[in-house]
Structures are given as structure tokens and as C-alpha cells.
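Scroll down for the structure; my scribbles are underneath it.
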Amino acid sequence: MLFNSQIFLLLFLPFVVAVYYVIPAQKYRIWFLILASLSFYAYWDYRFLPLLFISVLINWCASIIYMRSKAVLIIYAGVLLNLIIIGVFKYFDFFSSSLSHFFDYASHSYSIILPLGISFFTFQQISYLIDLKRGQGKVYRFDEYILFVTFFPQLIAGPIVRHNEIISQFWKSPFRPNLHENFTRGLVLTVLGLAKKVFFADEYGIFIDEGVVVMLAEDSISAATAWLFALSYTLQLYFDFSAYSDMAIGLGAMFGFTLPRNFKTPYISRNLSEFWKRWHITLSRFFRDYLYIPFGGSWNGYGRYLVAVLATMTLCGLWHGADWSFVVWGFLHGCGLAIYFTWKKTGIHLPFLIAWLLTFLFVVNGWVLFRLEDFSQAKEVLLAMYGFNFESALFIFSDNTFFIIIGLILSIFGPNNHQLAYKKMKNTKFWVYPIALLLAISVVWVGGEREIKFIYFQF
Amino acid sequence: MSWKEHWKKILKAAFCMLGFIYLFVLLVDPYDTIEISLPLDREPIVSNQRYSYPAIAQKSHHDSAIIGTSTIRLLNPSQLNPLFQSSFVNLAMNSPTAYEQLKIFELFRRTHENIKYVIFGIDETWCDANANPDKFTFRPFPPWLYDNSEFNDYLYLLSGRGLENSVRMIEYWLGKRKAKYSGDGYDVFVGDDGRYDLNKAINNIYGNNEQKSILEEKVRNNDFQIDRNAKYKFPVQEMYLSKMGNSLSDETVKIFMFVPYHVKNYYSKINIFEACKKEIVDLASSYRNSYVIDFMFPSGITTEDSNYWDVLHYRIGIADMLPRLIDKAMAGEIENLPVKLHYH
């Protein structure tokens, strides 16, 4: 079920939170959360529950066998198996159609359905196995391990949590000092995330979906249309994914757990390296620790650095989706990072405004590839952005100019939800009614036929 | 205030606000669907017909219905009523799928006894050879307004759309908003006929003058020959249309009406449409009291560009001619008229 659905907000969540706090012992609370998380996953599509369960079981068994035998082969086999699972479910059709294209033979699409959250739960487990090999992990009890992978706030779209930052928390009773403060801040972060999804991300999404169809049907796209499209999608993607992360972290806090932050106002970044420290932080650190550094990082010469950064970011692109446009998007970000790395060596500092603008424009241009279905569409829009068609923008976009400006101001200069919930909010009356109103209106708003998924569910 | 009080107050306040909003929506009942709402006069105030028409289909005291897409929406009940001594409601919607047509029909049938006439507008929707036609369009469709249960209406009314439309209904009651549709469902959705622009219409129909010439040349050369042996299946008829026909009593007159598409559209799929006509005749022949009336062929109506806004939509003057032509066709008086009777 969606976080932004009435069944989740009015039934599932109140029930799970209430029962969790009524259960007298932590070990039973853990099993209750496992049951709740598996039910949450099964509600999407119960057919994928065995896949999730088998994936957890195999990885857990691999950890036991490895720790007993110390045979590195077990780790390699485990990682390979995870890659095979994600390869079959997420990339099989992509590779098959790409091969058929290159070798010019007719391919057959198997239309394999992508199990929700596969990219996230597979990567969490890969990181665990690698940590074991590095001597940075230990064997966990089955209940600890399965909850680490399936804990419902982060199961579908992250944050990608590491075993050593969450599993020890499972054993901490929620009835500890600051219980009520933690719970309140978690609740407020969840409400702010929900409101951001409902009143910003979804509203951008509605006019973008309609606008893209009309825009691509135009004989010639005006620069204004192309820019307004690119900016509005830039905002939609950030508001959507960061809203999900806010809700995941907030929900975790309501159970007494601290999940890692995933966003820190990314569009304020002055360079791409900073951007990736602010955008989807838990994915960035995964690629940094398990690919970029093993590839050589920046400590083994410039050539090795180039290979490391380009390979890492290209794979990061592929992680986002089984499509060449994601691969190219990742590669371009790799190039951008390499350019920044090279520039940094000159010791010349660009003024803040220029550095920010260049970074922001690079990111915005990249999102065009992210959103559109193929290269020809992306090329058309990118060319239009820098073209000489100065006609006015399509009304679908121009009607929303003010909304886009508001979104830009909020996403670049405004406090993010994490700052609001954890730094600005005080336990005063001033905060009660606005938060309550946001919660009530958001719950109403998501009712009926409106069911808009989070963008990152497709990844 | 302690943190414990803080979260409790947030949840209490949110709960009260939610309750207030819910009560407001239930009392206003913007779709006129539940029993406990305020006993006030309600008119359709939602422009999406999928939300507005269930109340029209369910609560109207009409004994006859028109089912179809925008290609039959201009059929005026007030012109049909005196000719057929009945009371029609036009439940045709903009771009409904076959499934959506079935749903609005079922709602009407379930809530009306002794139905006298049903006119089914037959167009591309029913001449679709796709084995898995889409059930819905991109337009939101509320299945809960079409079922037998009032219980789920209470659940679904708690929504942003429900709240928005409740405010609209309040505006209607305050005289600040007009009803979107009349009680018989009739609505002139095409442009103002006084501002009709033939050049624009030709552009809509052909794309450009060159295409018009190409089509005229092909017609002159007799390029559009009907292949009587062409075989097509239309699963959608079996899935939904026959379901509608089967549910009507023998006494109900069932009129399957091929709509007057502009010939450009007819020619583009001539063999499909002609095969479709055969299938519809087969279907109609399995019912008593059924007619297959055809406006979809080159005629004085369909070959004249100035009768159309685009290939699908004729002008109001043509729409006003249709009731009498249907009446004549049913009586078999079709000589020299732009209508055919394929089955009775």
C-alpha cells in the first residue's frame, strides 16, 4: 500500500503503531514489525512475497555459512545471486533487447514484472555480504536480519540502510528517554513529507504528464516550454523522492528507530560532488563504498580515477532503470564529476552564484533524460531549451509558472522538512494546528480514486 | 506543553478537523449518492461526466436512454420524446470506453423498470478489433458510484475531489455556480454554431487542403471498394454490448445506430466498419424488438464538410435532423434519405 493512501494512514499505520507500543517485550515487537512489514509488501502484490522471503533466507544462510567456513566463495556466490535476481527481474528485457539491437536479430520481450523495492532490498543485502567479507559485519539472528531487510518504512524505496546502523536499534525499547519527543518529531516529519508529496510533487506531476504529451506533439517546442518542463520535472522529482524519504525516516522515528537521511537540500549545491552528497545520500554512499573506492577512487592516479568515477556513475545510472537513457544520464554525471575534479586541481574558485548556476543547470538538463522515454524526445527538448524558438510557453506550463517559482524558492532556499521537524519545531501550540491541518487535509486529499505512486517505486 | 501532550494534541486536532471535513462532505453529498445528506436540490456540478451522470442515470424518471460516446451526445431527448412517446435521457459521455458505457447502462437498467427504448450509438468503440480493450481512459472513473453498494460511497466521499465538489455544490446553492448538465443529460458540447468556421473545420477534418484533394481524387477513382470477404472480430461486442442487449426485456426497443461519421473517417476503416455492421446485425437479430440503423456511409450528410466540426462531430443542425430520420428509418421510410435500415 502507498504511504499516501487512506488505508495506510487511517488503518495500517495507527493499528501497527498502537499494537507496537502495547506489546510488552521488544522481541515480540520485532516479530510484530516483521509481520506488519510482510503484510505491507504482500498488499502490493502477494506473488512477490516468496521472492522477498527467499532472497532474505539465502543471504542470511550465506552469512552463517561464510562466518563458519570463512570461504570467500560464499560471499561471491551470494553477491552474484543477488545480481542474478535483480538482473532477471529488472534488466533481462533490457539486455535482451539491447543485444538483439546490436546483433540485429529479433528479440522477444518477456514482460517480466518488476517486484517493488527489488533495487533497494537487493543492494542492502549486497552491502551486508561485502561488509562481512571486510570483517565489518557479523551474523545476525534471523528475526533481526529479516526486519533489517523488510522494515516497511524503507522497504520499497529506501533509504538504503546498513545493517550496522539499524539492527542494534531494533533491541532498544521505544520506552526510553525522549520517547515522546522522538515520536512527535517522527510524526511531524511524516506529515510534512505527506503534504510535500500531495500538494507539491503530485500537483507538478499532473500538469507535467499532460504537458509532455502536448509538448511532444508540437511541430516545434519553444524554449520557454522546454525550460518550464525541465524545471517543473526537476521539482517534481525532488519533492516526490524526498517526500518519500521524509515519510520513511519519520515513520522509523515513530517506532523509535533512526534511519539515515537521504536528502539535504540538493539544489543548493555548488558542484556535482556536493550534489551527490545531498541527493539520495544513502545510494551515493553505497556506490562510493562498494564501487568507487574498490575501483580505485581518486588515490591511484588520474587515469584510475577517471575509470572509477565513470564506471561508478554509469552503473549508478543503470541502477535507476533498465534503459539506455539512464545509463547515459549516469555517464554524463560521471563526466561532470570528472570535470569538477579536474577543475578543482587548478585551484581556481568560481564565485558562488556561477558555481551554483552551472551545477543546477547540469542537474536540470540531466533530468530531461531521466523523464522522457527515449533519446529522440530528450534530444528534441534539450535542443529546444537552447534553441531560438522564442514563442510563448504552452499554457499547461505557463499557467503553472508561479507554482514553479514557489517550488524553486522552497527547494533551494527554504528549510527542508528534516530541519523543520528536528530543528525548528518546538513543543508549543504554534505548531499544533498547522501540522494537524496539514495532516487532516492531506488524508482527505489522498482519498477517492487519486492514487499517485512515488516516482522512485519504478526504480 | 510536554512532548507527550504535543503529539496528542496534534492527533486530536487532526482527528477533529478530519471529522468536520467528512461530515461536511457527507451532508453536502456532491454526487447525490447517499441517503443521510441534507435534503436539498442537487444538480450535476462536476464537469467530468463519469461523476455527474450516475446521479442522472439513477435518479431520473426517464423510461428510455441513449448510450454512447460524444458521437451521439447531441441527440436531443426533447426532440425524441414526442416522436417516440417516451422520456429519453442521454447518457452518452465524452470518450467513454465500452466498459464505461456498460457501467452507466447497467446503472440505468438497475434503477428503472419497463424501459421503452435504448439507443446504442455504434462507433469505433464498438468496432474495435482489439482483444483487450482498455477499461478506462486517463479520465478518472469512480466505480463506487456505479455499483449496488451505498456503503463504499461513504468511504470514497472522503477525498480531495469530494471536498472540492462539495464546495462547488455550496456555490451552486448560493447561486454562484450553474449546473454543468441538465436533468436529461443533454448538453451541447461542440462550439458555438454561430462562430463555426468552415476553413478551420476542413483543417480539422483533412489536416490540409492537399489531403482533401487526395481523398476526393480517390473517391472519384472509386478507390474505396468494400471487401465483403474481409474478416474481423470485435471481441468488445461480445464482452459488453451483448451483455447490455441480453439484460433488456423483449418489450424494450433496442436501436443500434451507426453514427454519422464524416466520410473521411469512414473511408479510413471502410472494411472494418462494414464488417462491424454485419456483426451488429447478427447481434441485433438475436433480440426481439431491435433495429440496426445506419448513418455511417457516404450520404448527403457525411460527404458535406460544412456539416462537421471534425471527422467525428457533426453540427447541431445535423443533430436536430437525426431524431426524425431515426423515426423514419424505423418505419422503413428511408427512400432518398441519408439513412439505412439494416435490420428489423
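Every chain is numbered from 1, with letters handed out A, B, ... down the list of sequences.
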Given a strict heavy-atom distance threshold of 4.5 Å, which part of [X] is in contact with chain B: side chain, backbone, both, or neither?
X: A:M254; answer: neither
X: A:I7; answer: neither
X: A:L439; answer: side chain
X: A:K429; answer: both
X: A:V191; answer: neither
X: A:Y433; answer: both

[atom1] of [X]: more than 12 outside heavy atoms within 6.0 angstrom?
X: B:Y196; atom1: OH; result: yes
X: A:F395; atom1: CZ; result: no
X: B:K180; atom1: NZ; result: no
X: B:F136; atom1: CZ; result: yes
X: B:K59; atom1: NZ; result: yes
X: B:Q211; atom1: CD; result: yes
X: A:Y46; atom1: OH; result: no

Notebook entry, point to check: Looking only at heavy atoms, which of residues 8-22 of chain B get nearer than 4.5 Å to chain A?
Noted result: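 Residues in range: B:K9, B:I10, B:L11, B:A13, B:A14, B:M17, B:L18, B:I21.
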
Notebook entry, point to check: What part of B:E164 lies closer than 4.5 angstrom to a heavy atom of chain A: side chain, backbone, both or neither?
Noted result: side chain

Notebook entry, point to check: Of the listed residues (A:A440, A:P434, A:S442), which shares the most heavy-atom pairs with chain B below a 4.5 Å separation?
Noted result: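 Most heavy-atom pairs within the cutoff with chain B belong to A:A440.
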
Item checked: Rounded distance [0.5 Å steps], OH in B:Y156 versus CD in A:Q6 ->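 Output value for this atom pair is 9.5 Å.
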
Atom pairs and distances, donor-acceptor, side-chain atoms in residues 43-50 of chain B, under 3.5 Å, two or more places apart:
from: B:N48; atom 1: OD1; to: B:R50; atom 2: N; distance (Å): 2.9
from: B:N48; atom 1: ND2; to: B:P140; atom 2: O; distance (Å): 3.1
from: B:Q49; atom 1: OE1; to: B:N94; atom 2: N; distance (Å): 2.7
from: B:Q49; atom 1: NE2; to: B:Y53; atom 2: OH; distance (Å): 3.3
from: B:Q49; atom 1: NE2; to: B:A92; atom 2: O; distance (Å): 3.3
from: B:R50; atom 1: NE; to: B:E100; atom 2: OE1; distance (Å): 3.4
from: B:R50; atom 1: NE; to: B:E100; atom 2: OE2; distance (Å): 3.2
from: B:R50; atom 1: NH1; to: B:N94; atom 2: O; distance (Å): 3.3
from: B:R50; atom 1: NH2; to: B:N94; atom 2: O; distance (Å): 3.0
from: B:R50; atom 1: NH2; to: B:S95; atom 2: O; distance (Å): 2.9
from: B:R50; atom 1: NH2; to: B:E100; atom 2: OE1; distance (Å): 3.2

Could you pull out every donor-acceptor pair under 3.5 Å between side chains of residues 165-172 of chain B and any protein atom, sequence neighbours left out?
from: B:N165; atom 1: OD1; to: B:R168; atom 2: NH1; distance (Å): 2.5
from: B:N165; atom 1: ND2; to: B:Y31; atom 2: OH; distance (Å): 2.8
from: B:N165; atom 1: ND2; to: B:R161; atom 2: O; distance (Å): 3.1
from: B:S166; atom 1: OG; to: B:G162; atom 2: O; distance (Å): 2.7
from: B:E171; atom 1: OE1; to: B:R177; atom 2: NE; distance (Å): 2.8
from: B:E171; atom 1: OE1; to: B:R177; atom 2: NH2; distance (Å): 3.0
from: B:Y172; atom 1: OH; to: B:D41; atom 2: OD2; distance (Å): 3.4

Next item on the list: Decide yes or no for A:V432 and B:H6: does some side-chain heavy atom of the first lie under 4.5 Å from some side-chain heavy atom of the second?
Entry: yes

Checklist line | Minimal non-hydrogen separation, A:L187 against B:W7, with atom names | finding: CD2-CB, 4.2 Å

Checklist line | Close approach to chain B in residues 174-182 of chain A, criterion heavy atom under 4.5 Å | finding: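 The stretch touches chain B at A:H180, A:E181.
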
